[in-house]
Structures are given as structure tokens and as C-alpha cells.
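To keep things clear, I will list the structure first and then write my remarks on it.
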Amino acid sequence: MDSGPEELMPRLLPVDECDLTEDFDPAVAPRTPQEYLRRVQIEAARCPDVVIAQIDPKKLRKKQTVSIALSGCQPAPEGYSPSIRWQQQQVAQFSAVRQSLNKHRSHWKSQPLDSNVMMPSTEDEESWKKFCLGERLYSDLAAALNTENQNPGIDYIKVGFPPLLSIVSRMSQATVTSVLEYLVNWFEERDFTPELGRWLYALLASLEKPLLPEAHSLIRQLARRCSQVRAAVEHREDERVSALNLFICLVGRYFEQRDLADSIEPS
């Protein structure tokens with residue numbers, strides 16, 4: 001037997017040369033400690049220097065790499081940052097929403113969905129974006145509302161389904177994290193909208209603590225993106241400012257990402 005591999009790697013425990021019977025068969029289960037040690041030596045010598053794993057790419061999720069940026073939020077323009085009292089109020093209200101959701105989750109989960117509500121599978125990114133944002137917003141179409149004016153009622157296929165408790169309560173943590181990822185990535189290349197905001201709030205309220213690493217990265221990505229959009233808003237009376245401040249506040253204060261929180265301004 002070639003002892004090359006054994007000579008290249010130091011032994012953690014000394015193994016003396018052992019006398020084995022002539023009928024020693026390494027394919028048979030060892031009967032003595034000496035046979036066991038010798039079998040280990042033989043198997044180690046047969047191991048290839050490089051092993052390549054056979055991975056089925058179809059079983060891998062798309063975009064499963066979690067990118068973590070070390071930069072913090074962009075500072076709020078002068079007069080845009082909320083007061084500490086406002087932030088405390090938002091955190092208290094958000095905490096109450098989370099407690100209510102957890103308390104009544106079983107009840108809302110048992111409520112039947114409307115016949116037009118078809119929740120996509122967790123892995124179906126495109127369908128979830130259409131489900132939450134609506135086909136018109138998902139397609140980036142600023143189409144006129146002529147068709148809506150002609151038809152009574154709300155077409156949720158076009159405008160997106162709201163995050164009703166009967167819907168959110170049916171979402172597992174894996175689905176909550178995945179949909180949050182889909183929407184945060186969508187937000188990275190687009191402006192903030194009310195449809196996006198209502199779903200982001202509902203998903204944050206559904207996240208269980210302690211956060212998983214992927215969820216931790218996503219909420220930090222969300223806060224940074226909110227600060228970028230806020231920095232580009234020309235007027236502080238813009239309705240987006242309050243919503244963007246809210247998400248930065250929840251990530252920084254409630255989820256304790258202190259380095260991303262807005263600096264405290266007097267109330």
C-alpha cells in the first residue's frame with residue numbers, strides 16, 4: 001500500500017505498525033482495533049486529492065446569495081429627520097400591531113379567502129410582485145384609468161391585493177422572507193409607492209424575532225434604500241417622506257439596527 005498521503009500529512013495520533021493475519025480483508029468489518037486503524041489508513045490513501053460535488057442547479061434558488069453592504073443610511077436632509085418622540089410613537093404602534101397579529105393569527109388563517117385570491121407559491125417571484133403591486137405597477141405602466149372608470153369596483157389584479165390579515169396569516173416565515181426579498185429588490189431600482197409601503201409594513205410586522213441572517217440583511221437593505229430615496233425628495237412636505245422615515249425608524253429602533261437610525265432631532 002502506498003503510504004505517500006500519510007507521509008505528507010502529519011498524524012494527530014501515533015499508529016504503530018500492527019501485525020495482521022494473512023486473511024485480513026479490508027472489505028470486512030474490523031474485528032480488532034488494529035484492523036480498524038489499518039482500514040482507516042487504506043481508505044484515506046484511496047481518497048482523491050480533489051473532490052467535486054455534483055450539484056443539481058435546478059434545486060438551487062435564484063438570487064440566493066445574500067449581499068451585505070457595510071455602509072449606513074444616508075443622512076436625512078435638513079428638516080426631514082423625525083423627532084425622537086415621533087419615532088417612539090411609531091415603534092409602540094408597530095409593536096402593538098405585531099402582538100395583535102400573533103394573537104389572532106390562527107383566527108384569520110382559518111377565514112376563507114375570496115374566490116379571486118390565488119396566493120402564489122413561495123418560489124414564484126414574478127407572481128408575488130404582481131400579486132402585491134398589481135400588474136400595472138409591476139409592468140411600470142402609467143396607463144390612464146379609462147378602463148377602471150368604465151368598470152365598477154376594484155380590479156385587484158391590476159392594482160394589487162392589499163395585505164389582508166387573512167392573506168398575511170397564511171404566509172410561513174419562509175414565504176414572508178422571500179416576498180420581502182422580492183419587494184426590496186424591486187424597490188432598489190424604482191421609486192416608493194403606497195402599494196409597496198403597505199406590503200413592506202405587513203411583512204415587517206410578520207417577521208419573527210430573532211431575525212434570520214437573510215432577513216437581517218434585507219431590512220438593512222430596505223432602510224438604506226429608503227434613505228437614498230428620501231435624500232432625493234425635493235420638498236419635505238412630500239407624502240413619501242413620512243413613509244420613508246417610518247421604515248428607517250422601524251429598522252433602526254424596533255429591530256435595533258442603531259447604526260441605521262436617524263439622528264435625534266428635538267420634538
Side-chain angles (χ1 to χ4, degrees), residues 57-67 97 101 105 108-208 212 214-215 217-226 228-230 232 239-240 243-244 246-247 250-251:
K58 296 180 180 179
K59 296 182 179 180
L60 297 178
R61 281 186 54 194
K62 296 186 298 181
K63 301 180 181 179
Q64 63 177 337
T65 302
V66 177
S67 58
V97 170
L101 177 60
R105 183 180 300 275
W108 287 109
K109 188 176 181 179
S110 64
Q111 299 302 305
L113 295 174
D114 291 341
S115 58
N116 64 331
V117 179
M118 299 294 293
M119 295 177 62
S121 63
T122 300
E123 298 80 10
D124 194 344
E125 177 177 356
E126 303 308 313
S127 293
W128 268 113
K129 288 188 289 190
K130 292 179 182 179
F131 183 87
C132 299
L133 305 174
E135 289 185 348
R136 187 174 64 248
L137 184 59
Y138 166 79
S139 302
D140 289 328
L141 296 177
L145 303 181
N146 294 337
T147 56
E148 293 184 10
N149 294 334
Q150 295 174 359
N151 300 321
I154 300 177
D155 187 348
Y156 287 114
I157 302 299
K158 293 182 178 179
V159 303
F161 289 90
L164 303 174
L165 290 175
S166 56
I167 295 176
V168 176
S169 297
R170 284 175 162 81
M171 299 172 66
S172 66
Q173 280 299 292
T175 301
V176 169
T177 303
S178 294
V179 177
L180 181 61
E181 177 185 2
Y182 303 153
L183 297 184
V184 170
N185 288 339
W186 187 89
F187 183 33
E188 281 288 346
E189 301 176 355
R190 296 168 180 83
D191 201 354
F192 183 85
T193 66
E195 293 85 357
L196 175 66
R198 64 189 182 188
W199 267 100
L200 290 175
Y201 190 91
L203 293 172
L204 291 181
S206 302
L207 281 178
E208 294 180 356
L212 296 175
E214 184 177 4
S217 175
L218 286 171
I219 66 170
R220 291 182 63 84
Q221 180 183 349
L222 171 61
R224 285 191 295 267
R225 176 56 180 163
C226 286
Q228 293 172 358
V229 175
R230 181 181 62 182
E239 61 181 9
R240 292 173 296 171
L244 297 169
L246 173 60
F247 289 115
L250 295 180
V251 173

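Just so you know, these numbers come straight off a predicted model, no measurement behind them.
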request  = Please report the C-alpha distance between F131 and I167 in whole Å, then the side-chain angles of each, then the deciding distance to 0.1 Å, and finally whether the side chain to side chain contact (heavy atoms under 4.5 Å, CB included) criterion is met.
outcome  = CA-CA 11 Å; F131 183 87; I167 295 176; 4.0 Å; yes

query = Can you name the closest pair of heavy atoms from V168 and P163 and give their distance?
reply = CG2-O, 3.7 Å

key: Contact summary for E125 and Y182, nearest pair of heavy atoms   = CG-CD2, 3.4 Å

Spatial distance of atom [atom1] ([X]) from atom [atom2] ([Y]) [nearest 0.5 Å]:
X: L101; Y: S169; atom1: CG; atom2: OG; result: 5.0 Å
X: L222; Y: L250; atom1: CG; atom2: CG; result: 9.0 Å
X: R170; Y: W108; atom1: CZ; atom2: CH2; result: 11.0 Å
X: L203; Y: M171; atom1: CG; atom2: CE; result: 5.0 Å
X: Q228; Y: F192; atom1: CD; atom2: CZ; result: 14.5 Å
X: L183; Y: E188; atom1: CG; atom2: CD; result: 12.5 Å

task = Using the test ring pair (Phe, Tyr, Trp, His ring centres under 6.0 Å), find all partners of W199 that sit at least two apart in sequence or belong to another chain.
result = none

ask   = Under the side chain to side chain contact (heavy atoms under 4.5 Å, CB included) criterion, do L207 and L180 qualify, and how do the steps go?
value = CA-CA 10 Å; L207 281 178; L180 181 61; 4.0 Å; yes

Counting C-beta onward and ignoring hydrogens, is there a side-chain heavy-atom pair between [X] and [Y] closer than 4.5 Å?
X: R240; Y: D191; result: yes
X: L200; Y: V184; result: yes
X: F247; Y: I219; result: no

Has [X] got a side-chain atom pairing as donor or acceptor with [Y]'s backbone, closer than 3.5 angstrom?
X: D124; Y: S127; answer: yes
X: Q173; Y: E208; answer: yes
X: N185; Y: E181; answer: yes

Ion pair check, K130 and E126, cut-off under 4.0 Å = no

ask   = Yes or no on side chain to side chain contact (heavy atoms under 4.5 Å, CB included) for F187 and C226, after CA distance, side-chain angles and deciding distance?
value = CA-CA 9 Å; F187 183 33; C226 286; 3.9 Å; yes

request  = Kindly indicate, with the supporting measurements, whether the criterion side chain to side chain contact (heavy atoms under 4.5 Å, CB included) is fulfilled by V97 and Y201.
outcome  = CA-CA 10 Å; V97 170; Y201 190 91; 4.0 Å; yes

ask   = Do T122 and T175 have a side chain donor and acceptor closer than 3.5 Å?
value = yes

